[in-house]
There are 2 protein chains.
Amino acid sequence: MSKEPAAEPRWLTDEEQYAWQCYLHATTLLEDHLDRQLQRDAGMPHVYYGLLVHLSRAPRRRMRMTELAQNMKITRSRLSHAIARLEKNGWVHRENCPSDKRGQNAHLTDEGMRVLEKAAPGHVAAVRAAMFDRLSPEQIRQLADICRVMADGLQPKGADLPWLR
Amino acid sequence: MSKEPAAEPRWLTDEEQYAWQCYLHATTLLEDHLDRQLQRDAGMPHVYYGLLVHLSRAPRRRMRMTELAQNMKITRSRLSHAIARLEKNGWVHRENCPSDKRGQNAHLTDEGMRVLEKAAPGHVAAVRAAMFDRLSPEQIRQLADICRVMADGLQPKGADLPWLR
DNA sequence: CACCCCTTGTTAAATCTTCAATAACTCATC
DNA sequence: GATGAGTTATTGAAGATTTAACAAGGGGTG
């Protein structure tokens, strides 16, 4: 039954193309900018910094690997590599999960906490300078709405389905 | 004069933190999604596809390396590696620039054009499904405005200043 | 218990990106 | 036309990410 290869793809309108170009430029430039800012000031890329932030907010600064990966929207594999690197730096420590012998908890060490606290002000300043100090309060709300819609559409539907491939 | 280390960093408000989280989730998920879609359907990551698109729109399908890098907001180094890979695939061809012996032109080959044309419909569909079919026309305008402001703030001020580090 | 399927987390290899260094060339000035 | 400063593009090495495959444990069913 009807399996034609989409006779006429609906191309983007001029407005959509423009928006798409702006989006790609903004996201690329911002990610690059923050990666460099953090690499310079804290010796790690942006995603790694995000991992420390998440851990610092978790109860007892601990989180299961899978949960952390889900919160950060990255694969478990990527997380494994990242935590391995952060552990080598002494900023995170792995420990076995008591309730599940397969599991691992990532634990933000005191030294990791110090690194985070030292890097945070500069990073917030960079994020502000790039985004929040340039947008109106209304635009910030609009951006949140827009991004929430997009993220919802890209998340696995069932909360427990094979997540991220 | 006044060189204190920013006495009190202005942290993000709750609204700003929420918007930032949404932004990070949406951009991460979308980029991952498109990377996988294109890797699967066209055998290349999203940025490489973008390179082919840009070349296909250039006069005579040719562009100077630096100009292409600037348009794509990536470093020349990254572009060199990427073009080397695309050239190995036979999708792009390098040629010397007639007017500047230092220069190189990247040229989209016929085969590259075919690959692009074959990949385009699926890619547009993915972008639509993730973004444009989920947002209202007004939201699309808002997004473009927001991203333009951010991109402007992250661009080098002088058009000819050492660009992107 | 035995069986099977699912989840958790890691790993190796291939690929991609970043960073710093470099060769080759242009252009302005002397 | 020589000198020197800046531009163009590339390279190798180190670091990061993806992919597929895997070991090991959980948890339900007979």
Side-chain angles (χ1 to χ4, degrees), chain A residues 28 31-40 42-51 63-70 72-89 92 94-106 156 158-165, chain B residues 28 31-40 42-51 63-70 72-89 92 94-106 156 158-165:
Chain A
T28 307
E31 187 59 17
D32 279 15
H33 182 66
L34 295 183
D35 265 342
R36 296 209 169 88
Q37 184 264 315
L38 281 167
Q39 193 70 57
R40 177 166 41 76
M44 66 189 134
H46 186 202
V47 184
Y48 288 37
Y49 176 88
L51 292 173
M63 218 180 289
R64 282 291 293 272
M65 295 294 280
T66 293
E67 193 193 346
L68 184 49
Q70 285 173 343
M72 292 284 297
K73 319 292 178 197
I74 63 175
T75 61
R76 285 190 292 264
S77 172
R78 186 176 177 183
L79 181 62
S80 265
H81 288 294
I83 293 292
R85 195 270 223 188
L86 291 172
E87 190 168 33
K88 211 175 300 179
N89 288 1
V92 169
R94 273 180 172 96
E95 54 192 17
N96 294 330
C97 175
S99 57
D100 186 337
K101 281 182 194 160
R102 295 167 302 179
Q104 291 281 101
N105 277 323
D160 52 284
L161 285 187
W163 137 82
L164 212 55
R165 357 180 343 92
Chain B
T28 306
E31 187 59 16
D32 279 13
H33 182 66
L34 295 183
D35 265 341
R36 295 209 170 88
Q37 183 266 316
L38 282 167
Q39 193 68 57
R40 177 167 41 76
M44 65 190 134
H46 186 203
V47 184
Y48 288 37
Y49 176 88
L51 292 172
M63 218 181 287
R64 282 290 294 272
M65 294 295 279
T66 292
E67 193 192 347
L68 184 49
Q70 285 171 344
M72 293 282 298
K73 317 294 178 196
I74 62 175
T75 61
R76 282 187 293 250
S77 173
R78 186 176 178 184
L79 180 63
S80 266
H81 288 293
I83 292 292
R85 194 271 225 188
L86 292 172
E87 190 168 32
K88 211 175 298 179
N89 289 358
V92 168
R94 273 180 173 97
E95 55 192 18
N96 294 330
C97 175
S99 58
D100 186 337
K101 282 181 194 160
R102 296 167 302 180
Q104 291 282 102
N105 277 323
D160 51 284
L161 285 187
W163 138 82
L164 211 58
R165 354 180 346 92

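If you're wondering where the values come from, they're calculated on a predicted model, not measured in any experiment. By convention in this document, chain letters (A, B, ...) are assigned in the order of the sequence lines, proteins followed by strands, and residues within each chain are numbered from 1.
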Taking the side chain as every heavy atom from C-beta outward, state whether [X] and [Y] have any pair of such atoms under 4.5 Å apart.
X        : Y       : result
B/Cys97  : B/Arg64 : yes
B/Arg78  : B/Val47 : yes
B/Pro45  : B/Arg85 : yes
A/Met65  : A/Arg76 : no
B/Asn105 : B/Asn96 : no

**Request:** Please tell me which of B/Glu67 and A/Gly43 maps to the more 5' nucleotide of DNA chain D, matching each residue to the nucleotide holding its nearest heavy atom.
**Result:** B/Glu67
**Item:** 5' priority, DNA chain D, between A/Lys101 and A/Ala82 [closest heavy atom]
**Value:**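 Result of the comparison: A/Ala82.
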Choosing from [options], which nucleotide comes nearest the side chain of [X]?
X       : options               : value
A/His81 : C/dA13, D/dG6, C/dT10 : C/dA13
A/Tyr48 : C/dG9, D/dA9, D/dT17  : D/dT17
B/Val47 : C/dT10, D/dT8, C/dT17 : C/dT17

What is the distance from [atom1] of [X] to [atom2] of [N], rounded to the nearest Å?
X       : N      : atom1 : atom2 : answer
B/Leu79 : D/dA9  : CG    : P     : 9 Å
A/Glu31 : C/dT18 : CD    : C1'   : 13 Å
B/Leu38 : D/dT18 : CG    : P     : 14 Å
B/Met44 : D/dT18 : CE    : C1'   : 17 Å
B/Asp32 : C/dC16 : CG    : C1'   : 14 Å
B/His33 : D/dT17 : NE2   : P     : 20 Å
A/Ile74 : D/dT19 : CD1   : C1'   : 15 Å
B/Glu95 : D/dA9  : CD    : C1'   : 15 Å

When you measure from the side-chain N and O atoms of [X] to the phosphate of [N], is any distance below 4.0 Å, counting only OP1 and OP2?
X        : N      : answer
A/Arg102 : D/dA24 : no
A/Arg78  : C/dT10 : no
A/Arg76  : C/dT11 : no
A/Arg94  : C/dT10 : yes
A/Thr75  : D/dT17 : no
B/Arg64  : D/dT8  : no

**Item:** Residue whose nearest DNA chain C nucleotide is more 5′ - A/Gln39 or A/Met65
**Value:** A/Met65
**Request:** Please round to the nearest 0.5 Å and tell me the distance separating atom CD1 of A/Ile74 and atom CG of A/Leu51.
**Result:**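 These two atoms lie 5.0 Å from each other.
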**Message:** Base, sugar-phosphate or nothing for A/Asp35? Non-hydrogen atoms, less than 4.0 Å.
**Reply:**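 Counting heavy atoms under 4.0 Å across all strands, no contact is made by A/Asp35.
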**Prompt:** Any donor-acceptor pair under 3.5 Å between the side chain of B/Ser77 and the base of D/dT11?
**Reply:** yes
